[in-house]
> 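Quick one: structure below, then a few questions.
Naming convention: chains lettered A, B, ... in sequence-line order (proteins, then strands); numbering from 1 in each chain.
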Amino acid sequence: MGSSHQFTLRCRAEADAVRQALSELRSALSKLGLSEDRLPGVELAVAEALNNIVEHAFPGEKTGDVRIDAALSGKHLCVTLIDTGRPLPNGRPPVEKRPNPDVERQDLPEGGFGWHLIRDLTDLIAYTRAGEENRLQLHFGLPDRPEKQQTP
Amino acid sequence: MGSSHQFTLRCRAEADAVRQALSELRSALSKLGLSEDRLPGVELAVAEALNNIVEHAFPGEKTGDVRIDAALSGKHLCVTLIDTGRPLPNGRPPVEKRPNPDVERQDLPEGGFGWHLIRDLTDLIAYTRAGEENRLQLHFGLPDRPEKQQTP
Amino acid sequence: MELSSTTENGIQLVGVHAKRIDAASAVQFKDAMRQETETGPAHVVLDLSNVDFIDSSGLGAIVASMKHLGGGRRMDLAGMTPDVDKVFRLTRMDKIFTIHASASKALTARKAG
Amino acid sequence: MELSSTTENGIQLVGVHAKRIDAASAVQFKDAMRQETETGPAHVVLDLSNVDFIDSSGLGAIVASMKHLGGGRRMDLAGMTPDVDKVFRLTRMDKIFTIHASASKALTARKAG
Ligand SMILES: Nc1ncnc2c1ncn2[C@@H]1O[C@H](COP(=O)(O)OP(=O)(O)O)[C@@H](O)[C@H]1O
Ligand SMILES: Nc1ncnc2c1ncn2[C@@H]1O[C@H](COP(=O)(O)OP(=O)(O)O)[C@@H](O)[C@H]1O
């Protein structure tokens, strides 16, 4: 394993705060050397996960704090989202059919894309409910720099 | 992302229980399709991390519970160890020189290998102390099956 | 959410003057689009060239705006930046729009569209 | 921790009859080695062919057993399985032992060792 870095961000479970947190996440990852072509996919996956927390973990007027832990090496990025909102139904990310674009115009889907995008953009998702906490890990392999650095 | 699996094991922070947990981990990962050539490295990395918990998080006669969360896809394995023992000094895994084999026989190192082995065998380590909990994530990239399966 | 609107060759070109159509702005986007296209030509082109991020809320808002036009009218997309384009492709929503490389191409490609 | 011991060609061959030398058994291993080698030839070969897992505690115990022999005696390793071998290589502890493919090779390779 090469050198590795960690940082933590926090935001309220509200759309404006999520936007701000994504901007901080992006610039922190960029500073730590995550390649520019990986940033948009990571931002989008984390955005979808945070949007779900805003909308489903803290529905309606409810809100709360979200902790965002990120860990990065040359080979690997893990972003963990921790909130104390409602758990995922059935204790795991929903596995539903992709919204179908081959329908009449008035039936076209306006939602239900979120988890599919997260799955498309990650190598692994892990969700655990521990006590009152939701912990969602999004894992991204970084195959661009496969070279293994030696640690001392 | 292809299909992904999660499971949780628990053990006491004691050497015999660790041995038992490693055996359960190995057979669970094997059942879920982790390739046989990756099992020994994963077992060793997790063994070293658990041994550290037994010895340093719960020193002396103290003991406690360790929760082992594992998540596996075709591309990625993450093992998270959670305990309520003492935190890592300085809030992160120690970065020390590798024990030196080029010394007189009586000075040969009998320890200090653990974290180096963990680093050698993983793609990323992330440690966070959250409240009273130590959470150590060990990440393993699985480059053997790079093919991306489509989810529905 | 600031939108601009011009009509040329009988096509209404709506420009989005925001870098993001995301969960924080999807509702405003939908409202602004509704106002902008309440009346006007049957053919609308949405110029997304200033937008460098959309999430699924933004995508849903664009689809909703198109649906809101009603059966007799159409909405094309133009000037999508690569990351925006990727969201349409991953969700297969690229299939339900005519997509033009740029606003000017959308205006001249009317017959082909 | 069960060890066996035979002496051949003036070499003491100590066999480990356990699948693991790990944190749960490192102390027993060290104690048993100490007893087994308290007296005996100056040349000891540790046959690890039954062992398929060692961790750093096991590694440390093997090094400690070697050091305990004292300056005038030596300890070689034999029959390491691939996973055990890997631990020695990663920690560079392969450099401090003479390593033989098997116990029988260790007994015949005496002069070369
Ligand atoms: N606490 C939660 N955190 C994250 N997601 C949740 C939570 N509770 C429910 N969900 C799920 O998130 C899903 C949202 O799916 P998604 O694909 O993003 O579609 P949408 O666009 O409708 O939000 C809902 O079906 C819901 O089951
Ligand atoms: N709570 C803890 N959990 C895990 N490791 C810890 C904890 N507290 C301390 N440690 C560290 O683990 C290190 C052990 O390092 P390691 O390389 O495994 O060598 P050793 O073979 O001496 O155990 C110690 O230096 C100690 O700082």
> Heavy-atom pairs under 4.5 Å with chain B - which of D:Ser57, D:Gly70, D:Pro82, D:Ser25 has more of them than the others?
D:Gly70

> Less than 4.5 Å to any heavy atom of chain D: does that hold for the side chain of B:Leu108, its backbone, both, or neither?
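Both parts, heavy atoms under 4.5 Å.
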
> Go through the atoms of D:Leu90 and report whether side chain, backbone, both or neither lie under 4.5 Å from a heavy atom of chain B.
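Both parts, backbone and side chain.
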
> Just so I understand: if I count every heavy-atom pair under 4.5 Å between each of B:Glu104, B:Gln106, B:Glu48, B:Glu55 and chain D, which residue has the most?
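Highest number of pairs under 4.5 Å: B:Glu48.
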
> Between chain B and each of D:Asp52, D:Ile62, D:Asp83, count heavy-atom pairs under 4.5 Å; write down the option with the most.
D:Asp83

> Under a 4.5 Å heavy-atom cut-off, does chain D meet the side chain of B:Asp107, its backbone, both or neither?
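Looking at B:Asp107, just its backbone touches chain D.
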
> What part of B:Leu50 gets closer than 4.5 Å to chain D, counting heavy atoms only: side chain, backbone, both or neither?
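Answer is neither: B:Leu50 stays 4.5 Å or more from chain D.
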
> Over all heavy atoms of both residues, which pair between D:Ala106 and D:Val45 is shortest? Give the atoms and the distance, please.
CB-CG1, 3.7 Å

> So, D:Ser4 and D:His17: side-chain donor and acceptor under 3.5 Å apart, yes or no?
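Indeed, the side chains of D:Ser4 and D:His17 share at least one donor-acceptor pair under 3.5 Å.
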
> Would D:Arg20 count as a cation-pi partner of D:Phe53, with NZ or CZ less than 6.0 Å from the six-membered ring centre and within 45° of the ring normal?
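Verdict for D:Phe53: a cation-pi partner in D:Arg20.
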
> For B:Asn51, is it the side chain, the backbone, both, or neither that has a heavy atom closer than 4.5 Å to a heavy atom of chain D?
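The side chain, not the backbone.
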
> Under the criterion side-chain hydrogen bond (donor to acceptor under 3.5 Å, both in side chains), I'd like the reasoning laid out for D:Ser5 against D:Gln12: C-alpha separation, chi angles, the key distance, then a yes or no.
CA-CA 7 Å; D:Ser5 173; D:Gln12 181 183 13; 2.8 Å; yes

> Return yes if a side-chain donor-acceptor contact under 3.5 Å exists between B:Thr63 and B:Glu14, otherwise no.
yes

> May I ask you to test the B:Arg105-D:Met66 pair for a side-chain heavy-atom distance under 4.5 Å?
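Yes. Closest side-chain heavy atoms under 4.5 Å.
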
